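Since we're looking at a predicted model, the values are computed, not measured.
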Amino acid sequence: MSLPSTFRPASSEPAVEIPDETAKVPGPRAETEPENPAGFPPDLRKRPALPIALVLGARPRQWVKNVLVLAAPLSAAKLGHADVLRTSAIAFVAFCFAASCIYYVNDVMDVESDRRHPKKRFRPIAAGWIPIPVALVAGVVSGLLGLGVAALANWTTVFVVAVYMALHIVYSLWFKHVPVLDLAMVASGFLLRAIVGGVAANLELSQWFLLTTGFGSLFMVAGKRYSEMVLMGEEAAASRKSLKEYSQTYLRFVWQAAATVAMITYSMWAFQLASSAPHHKSAKPWLEISVIPWVFIFLRYSMFVDSGKAGEPEDVVLKDRVIMAISVVWLVVFATGVLLIGSH
């Protein structure tokens with residue numbers, strides 16, 4: 001028995017899909033999706049509170065570089081003196097504020113290029129967490145605090161801190177785009193950190209100490225630039241204009257030459273210190289042996305530079321247990337020799 005045609009299923013016609021009306025209803029996430037006018041990636045849209053962002057913008061992790069202010073008092077066996085320890089602490093705090101001033105200014109100047117960098121785009125100013133006017137005010141306040149703290153030591157310390165800020169503001173505005181000069185300007189920041197420790201405590205600075213610090217700083221800076229080129233490849237020039245003028249071969253030559261000179265000048269400095277204490281011969285072998293771990297620190301760090309992983313020097317030093325272990329050995333051996341001289 002056949003069914004009437006009106007009851008027969010129209011198998012030749014496509015089935016009509018019933019729309020899911022619930023799919024059109026916006027959920028809580030759609031209603032609370034943050035505005036993104038600058039086009040930031042999703043991992044940058046979580047905005048922290050402004051005070052936290054300002055602390056992050058000051059880059060407290062990089063304050064570890066300011067430990068260099070202790071180098072001169074340590075090498076003079078004066079770090080244990082109360083007045084020297086006090087002035088060293090003042091110099092350290094002053095440079096923390098001064099460095100943060102430069103970081104704010106530099107990040108404001110580089111905000112667009114930082115947003116194209118795979119790591120620098122997470123900096124608070126590049127991520128849009130700190131408005132540029134607020135960042136500039138924070139930079140000025142940090143700079144004034146740095147000079148004010150330096151005045152607690154002496155006016156020479158104020159002068160060194162002021163020179164550091166002036167050089168690096170000029171660097172941020174102009175010299176960072178000038179090949180070779182950009183390396184020299186950044187390296188001078190490390191050298192001034194080492195100088196201010198002696199200046200604050202009114203200590204005489206050895207010429208070998210200054211040469212070792214200067215070329216060691218150049219090694220770190222050239223290694224950082226080399227790592228940036230290895231990491232970013234052809235896009236490196238978009239993040240840092242000066243890298244357009246460099247080649248990996250040239251930067252390799254610079255960091256290798258700087259490392260060689262730093263190791264030689266340190267050896268001269270250690271042997272000079274050893275010969276300066278003829279009445280305390282027990283210090284001599286300690287200072288001479290300190291050359292060995294010093295050289296191995298450079299050899300280990302050069303592995304990271306060569307592989308392009310030294311873009312953030314403080315991360316390399318603090319995260320690599322081998323470098324930390326060798327550094328502790330060097331510090332113990334060197335400090336023992338210096339203390340034996342100072343105890344005479």
Side-chain angles (χ1 to χ4, degrees), residues 50-74 76 78-79 81-111 123-125 130-176 181-182 184-205 209-210 213-214 217 221 314:
L50 183 58
I52 296 176
L54 287 170
V55 172
L56 295 175
R59 301 194 208 174
R61 290 182 59 190
Q62 301 212 25
W63 291 348
V64 67
K65 299 174 183 177
N66 300 327
V67 175
L68 272 172
V69 304
L70 305 177
L74 174 64
K78 301 290 185 181
L79 192 57
H81 297 194
D83 55 338
V84 175
L85 188 60
R86 180 185 66 85
T87 54
S88 297
I90 290 173
F92 176 84
V93 175
F95 252 89
C96 287
F97 282 119
S100 294
C101 165
I102 301 304
Y103 294 145
Y104 281 124
V105 174
N106 184 72
D107 288 355
V108 167
M109 299 300 299
D110 291 350
V111 62
R123 291 176 177 175
I125 297 175
I130 303 177
I132 289 179
V134 175
L136 291 175
V137 171
V140 172
V141 172
S142 296
L144 293 175
L145 287 173
L147 294 174
V149 172
L152 299 176
N154 51 52
W155 288 110
T156 310
T157 303
V158 175
F159 175 76
V160 175
V161 173
V163 168
Y164 166 81
M165 290 195 294
L167 285 177
H168 281 71
I169 288 175
V170 172
Y171 162 81
S172 297
L173 294 175
W174 296 291
F175 288 164
K176 72 185 311 175
L181 285 182
D182 68 320
M185 295 288 282
V186 178
S188 70
F190 292 93
L191 181 59
L192 288 171
R193 285 175 170 91
I195 290 175
V196 78
V199 167
N202 294 314
L203 300 175
E204 184 178 356
L205 299 174
F209 167 77
L210 295 176
T213 306
S217 303
V221 175
E314 62 278 1

J.: Is there a side-chain contact (heavy atoms from CB on, under 4.5 Å) between L145 and V141 once you walk through the steps?
T.: CA-CA 6 Å; L145 287 173; V141 172; 4.0 Å; yes
J.: For a quick test of reading the model, state the closest non-hydrogen atom pair linking G57 to D107 and the distance between them.
T.: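 Smallest heavy-atom distance, with atoms named: O-OD2, 4.5 Å.
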J.: Looking only at heavy atoms, what is the nearest atom pair of V84 and T87, with distance?
T.: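 Closest pair (atom of V84, atom of T87, distance): O-OG1, 3.0 Å.
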J.: Could you give the distance from CE (M109) to CD1 (I102), rounded to the nearest 0.5 Å?
T.: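 That separation rounds to 12.0 Å.
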J.: Considering only heavy atoms from C-beta outward, does the side chain of L56 approach that of I130 to under 4.5 Å?
T.: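 No, too far: nothing below the 4.5 Å cut-off.
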J.: Can you give me the closest heavy-atom contact between A58 and W63, atom names plus distance?
T.: O-NE1, 3.6 Å
J.: Just verifying a value: how many Å separate L68 CG and L74 CG, rounded to the nearest 0.5 Å?
T.: 11.5 Å
J.: What distance separates L147 CG from T157 OG1, expressed to the nearest 0.5 Å?
T.: 11.5 Å
J.: Does the side chain of P131 come within less than 4.5 Å of L50's, by heavy atoms?
T.: yes
J.: What residues form a ring-ring contact (aromatic ring centres under 6.0 Å, His included) with Y103, not counting sequence neighbours?
T.: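 Counting only residues at least two positions away or on another chain, Y103 forms no ring-ring contact (aromatic ring centres under 6.0 Å, His included).
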J.: For the pair L167 and L192, evaluate side-chain contact (heavy atoms from CB on, under 4.5 Å) and give the outcome as yes or no after the intermediate values.
T.: CA-CA 11 Å; L167 285 177; L192 288 171; 4.1 Å; yes
J.: Taking side chain as C-beta onward, heavy atoms only, is V199 less than 4.5 Å from F159?
T.: no
J.: Which atom names give the shortest non-hydrogen contact between N106 and S172, and what distance separates them?
T.: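 Scanning both residues, the minimum pair turns out to be OD1-OG, 3.5 Å.
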J.: Check the pair I195, T213 against side-chain contact (heavy atoms from CB on, under 4.5 Å), reporting the backbone distance first and the verdict last.
T.: CA-CA 9 Å; I195 290 175; T213 306; over 6 Å; no
J.: So how far is it from N66 CG to C96 SG, rounded to the nearest 0.5 Å?
T.: 4.5 Å
J.: For the residue pair R61 and E314, what are the closest heavy atoms and their distance?
T.: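 Minimum heavy-atom contact is O-CG, 4.4 Å.
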J.: Which residues satisfy the side-chain hydrogen bond (donor to acceptor under 3.5 Å, both in side chains) test with N202, sequence neighbours excluded?
T.: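 side-chain hydrogen bond (donor to acceptor under 3.5 Å, both in side chains) check on N202 returns nothing, list empty.
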J.: What's the shortest heavy-atom distance between I125 and V111, and which atoms?
T.: O-CG2, 3.9 Å
J.: Answer yes or no: does atom NZ of K78 have more than 12 heavy-atom neighbours from other residues, nucleotides or ligands under 6.0 Å?
T.: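 Counting neighbours around NZ of K78, 12 or fewer heavy atoms of other residues, nucleotides or ligands fall under 6.0 Å, so no.
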J.: Going by an N to O cut-off under 4.0 Å, is there a salt bridge joining K176 and D110?
T.: yes
J.: Could you give me the CA-CA distance, side-chain angles and deciding distance for Y104 and L54, then say whether side-chain contact (heavy atoms from CB on, under 4.5 Å) is met?
T.: CA-CA 9 Å; Y104 281 124; L54 287 170; 3.9 Å; yes
